[in-house]
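Data block below; observations after.
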Amino acid sequence: MSRTHTFLQSVVDNSYVPSGRVKAVCLSPSRLSHLFKKQVGDSIIETLIKYRLNQAEKLIKYTIRPITEIALGVGFNSPDYFSRKFTDYFGVNPSKYRKQQRDRVN
């Protein structure tokens with residue numbers, strides 16, 4: 001499973017995991033998904049979304065890049081979907097999160 005985690009980290013900026021890459025771990029896609037969820041507790045897609053959200057969180061916190069650019073840059077195709085997922089995960093929308101982080105520094 002650690003190879004799979006490493007692989008997921010390497011595809012954070014991609015919008016999907018090519019099925020050809022699944023062969024690299026010598027399992028069928030369905031078997032890999034089942035084992036991954038059993039070991040990690042989240043599906044491969046949920047884990048990939050969390051990696052993307054954590055990457056976005058760092059960029060929001062430490063850069064002045066626009067939120068839309070960050071969302072697209074970490075692999076979300078829709079800024080609205082990104083904002084919903086970010087809010088669900090961090091409890092606050094990306095713009096407000098950035099403002100809170102800047103207010104803490106000042």
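In this structure Arg84 satisfies the side chain to side chain contact (heavy atoms under 4.5 Å, CB included) test together with Asp80, Tyr81, sequence neighbours excluded.
Atom CG in Leu48 sits 9.5 Å away from atom CD1 in Ile44 (nearest 0.5 Å). Atom OG of residue Ser28 and atom CG of residue Leu35 lie 8.5 Å apart, to the nearest 0.5 angstrom. In this structure, His34 NE2 and Gln39 CD are separated by 10.0 Å, a value rounded to the nearest 0.5 Å.
Using a 4.5 Å heavy-atom threshold, the side chains of Thr87 and Tyr97 count as separate. You'll find the side chain of Phe86 reaches within 4.5 Å of the side chain of Glu57, heavy atoms only.
Heavy-atom minimum distance, Arg102 versus Lys61: NH2-O, 4.1 Å. Ala71 approaches Pro79 most closely through the heavy-atom pair CB-CA, 4.3 Å. Annotation for Ile67 and Ile60: closest pair CD1-CG1, 3.8 Å, computed over non-hydrogen atoms. For Phe82 against Leu53, the heavy-atom pair with the smallest separation is CE1-CD2, 4.0 Å.
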Full working for side-chain contact (heavy atoms from CB on, under 4.5 Å) between Lys58 and Val74: CA-CA 11 Å; Lys58 291 174 190 166; Val74 298; over 6 Å; no
CA sep, side-chain torsions, deciding dist, call: Tyr89, Asn54, side-chain contact (heavy atoms from CB on, under 4.5 Å): CA-CA 9 Å; Tyr89 192 66; Asn54 285 314; 3.5 Å; yes
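At distances below 3.5 Å, at least one donor-acceptor pair connects side-chain atoms of Arg98 with backbone N or O atoms of Thr63.
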